[in-house]
> 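Take a look at the following structure, please.
Whatever order the structure lists ligands and atoms in, that order sets their numbers, starting from 1.
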Amino acid sequence: MGCQMNVYDSEQMLRLLAPLNYRPTSRPDKADLIVLNTCSIREKAEHKVYSLLGRLVRMKQQRPDLIIGVGGCVAQQEGYRLFERAPHVDIVFGTFALGRLHSLVQKVEDQKKQIVDINPRRESEPLYVKEPIFTTGNATAFVTIMQGCDNFCSYCVVPYVRGREVSRNPKGILEEIEGLVENDISEVTLIGQNVNAYGQKNGHGCDFPALLEYVGDVKGLRRIRFTTSHPKDLSDRLIETFCRVDKLAPHIHLPVQSGSDRMLRRMNRGYTRDFYLKKVAKLRNVRPDIAISTDIIVGFPGEERVDFEATLDLVRKVGFDSLFLFKYSDRPNVPAAKFSNKVPEAVKVERFSTLLEIQEKFTLKKNKALVRTTQDVLVEGPGKRLPNQLTGRTPCNRIVNFPDGMARVGRIVPVRIVEAFSHSLLGQPVGRDHEEYSGEDGGISHAA
Ligand code: 5AD
Ligand code: SF4
């Protein structure tokens, strides 16, 4: 559940459990072990955990030997309290205990009693388990380069459940990416809560722009993305990297959260609206084709109509390519939970839909501007909408569906855009049955 960090962490769990003879299955009803990797970023995410756990009660009654583990951010936050609401859970392991999962499972197998590990002692670096590799058949992969966050935005639970910033050694990151490329990965997304701060306090002698240059030199890798960037740490050097590193896709996710200086101060974001707008101008100056996406919270405590208007104004000024919109919700321990002037739910809902409507128009307009252009699409797999379709992404991260042909997963194919929708594009591969791509190395057939 939750963010890309959890996707990555779940893969590490699979590898940790392999030596104990656990293999992934798509049939939970047949599983010997079910692990939920949870998210607590918003109230809704936490509710999802308990509703999923509720559905496992019957399964545990029918098969008492089934081991149920709850890991990730909700586990870290709740610890023993989780057993009160979910007594059928066997293991509660927090974000710091990820690397100890195999020994916790072994303990439950042997001793058949409930265990909690929310000890904030972690490995010196974010966990990466090299072997065994599970080939996913995907063309793209996430690579965690750092973990935790030092920013303490007043609404955010991350620093409490994921701890302080820790960066991985660049050598390990590069080895991992080389291994992924050997396993047919064409695109990597470097992930962390605030990748712009990579290497700033670990003394690896490599900051984020330098890391991007090294990753850009990995042979066989076609595309690089990264997320998430904090505006206050977006240096001019990093902005210029969009010109220096060819493989770096022209897309940046740059959460603004609010367009009101008063709210940004209360959120402890460390920048002003004007600072943000200047960063956007710089990015567009260096890479005019760059796509910019953002996160916005509506209904932060104390948000008045004028603050919301300032956000609307910023959204119109920037013209984001896409926007992830959230209604503020209190999280345990965060300062904003104690702030006065909470915004009523009905106002949050109204602001949410106003903003969404404006953004949908922008997104559609931006998508329509791509009709009749040719885009380099990295093929990710079969399309989800219609049979005989493939799907992939443009450099600026737009989804393109197009008729299946000779194109293979992992290849980059030129596709002419014929129609635009709000959340995807429809295209036609350029070239006669695009057979010129069939001989190219490096792709894997999605049918294989
Ligand atoms: N309420 C609502 N949204 C939140 N986010 C983080 N914490 C909260 C909260 N308490 C949003 C921010 C962040 C994104 C991942 O989730 O916009 O960028
Ligand atoms: Fe949370 Fe702020 Fe850190 Fe992002 S930068 S993870 S919003 S504390």
> Taking 4.0 angstrom as the limit and counting only heavy atoms of Phe152, give me the atoms of ligand 2 inside it, by number and element.
8 (S)

> Cut-off 3.5 Å, side chains only: do Glu380 and Thr391 have a donor facing an acceptor?
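On atom types as modelled, these side chains do not qualify, holding no pair under 3.5 Å.
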
> Kindly say whether the aromatic ring centers of Phe339 and Tyr155 come within a distance under 6.0 Å.
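Aromatic pair excluded; centres sit 6.0 Å or further apart.
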
> Tell me the protein heavy atom at minimum distance from atom 9 (C) of ligand 1, and give that distance in Å.
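The protein heavy atom lying closest is Ser329 O, 3.6 Å.
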
> Among Leu325, Asp330, Ile41, Asp295, which one has a heavy atom closest to atom 18 (O) of ligand 1?
Asp295

> Check Tyr155 against ligand 1 and report side chain, backbone, both or neither, counting heavy atoms closer than 4.0 Å.
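Both of them.
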
> Does Lys338 pair with Asp330 as a salt bridge, N-O distance under 4.0 Å?
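No, Lys338 and Asp330 are not salt-bridged.
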
> Measure centre to centre between the rings of Phe326 and Phe352, then say whether the value is under 6.0 Å.
no

> One residue to check: Tyr155. Relative to ligand 2, which of side chain, backbone, both or neither has a non-hydrogen atom less than 4.0 Å away?
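Near ligand 2, Tyr155 shows its side chain, while the N, CA, C and O stay back.
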
> Show which atoms of ligand 1 fall inside a sub-4.0 Å distance from at least one heavy-atom site of Lys327.
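Counting from 1, the qualifying ligand atoms are 1 (N), 2 (C).
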
> If you measure from each non-hydrogen atom of Pro255 to ligand 2, which part falls under 4.0 Å: side chain, backbone, both or neither?
neither

> Indicate yes or no: does Glu78 engage Arg81 in a salt bridge with an N to O separation below 4.0 Å.
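Yes, this pair counts.
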
> Determine, for Lys247 against Glu187, whether the closest basic-nitrogen to carboxylate-oxygen distance falls under 4.0 angstrom.
no

> Can you tell me if Cys153 has an N, O or S atom under 2.8 Å away from atom 2 (Fe) of ligand 2?
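Yes, since at least one N, O or S atom of Cys153 sits under 2.8 Å from atom 2 (Fe) of ligand 2.
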
> So, is Cys156 placed with an N/O/S atom under 2.8 Å from atom 1 (Fe) of ligand 2, counting both backbone and side chain?
yes

> Does even one non-hydrogen atom of Arg269 get within less than 4.0 Å of ligand 2?
yes

> How close does the nearest protein non-hydrogen atom get to atom 3 (Fe) of ligand 2, and which residue and atom is it?
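Residue, atom and distance for the closest contact: Cys149 SG, 2.2 Å.
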
> Do Tyr8 and Phe142 have ring centres separated by under 6.0 Å?
no

> Charged N to carboxylate O under 4.0 angstrom, Glu350 versus Lys327?
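Salt bridge flag = no for Lys327 with Glu350.
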
> Can you list the atoms of ligand 1 that are under 4.0 Å from a heavy atom of Gln257?
12 (C), 13 (C), 17 (O), 18 (O)

> Do the side chain of Thr228 and the main chain of Asn194 share a donor and acceptor less than 3.5 angstrom apart?
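Side chain of Thr228 to backbone of Asn194, a donor-acceptor pair under 3.5 Å: no, none is there.
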
> So if I count the atoms of ligand 2 from 1 in the order they appear, which ones are less than 4.0 Å from some heavy atom of Val158?
6 (S)

> Number the atoms of ligand 2 from 1 as they appear, then name those within less than 4.0 Å of a heavy atom of Pro159, with their elements.
8 (S)

> Answer yes or no: is there an ion pair linking Asp313 with Lys317, defined by an N-O contact shorter than 4.0 Å?
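Salt bridge flag = yes for Lys317 with Asp313.
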
> Looking only at protein heavy atoms, which one is nearest to atom 16 (O) of ligand 1, and what is the separation?
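Residue, atom and distance for the closest contact: Arg42 NH1, 2.7 Å.
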
> Can you tell which part of Val334 has a heavy atom less than 4.0 Å from ligand 1: side chain, backbone, both or neither?
neither

> Out of all atoms in ligand 2, which are within 4.0 Å of some heavy atom of His230? Include the element for each.
5 (S)

> Centre-to-centre under 6.0 Å for His253 and Phe226, is that the case here?
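Ring centroids of His253 and Phe226 are no less than 6.0 Å from each other.
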
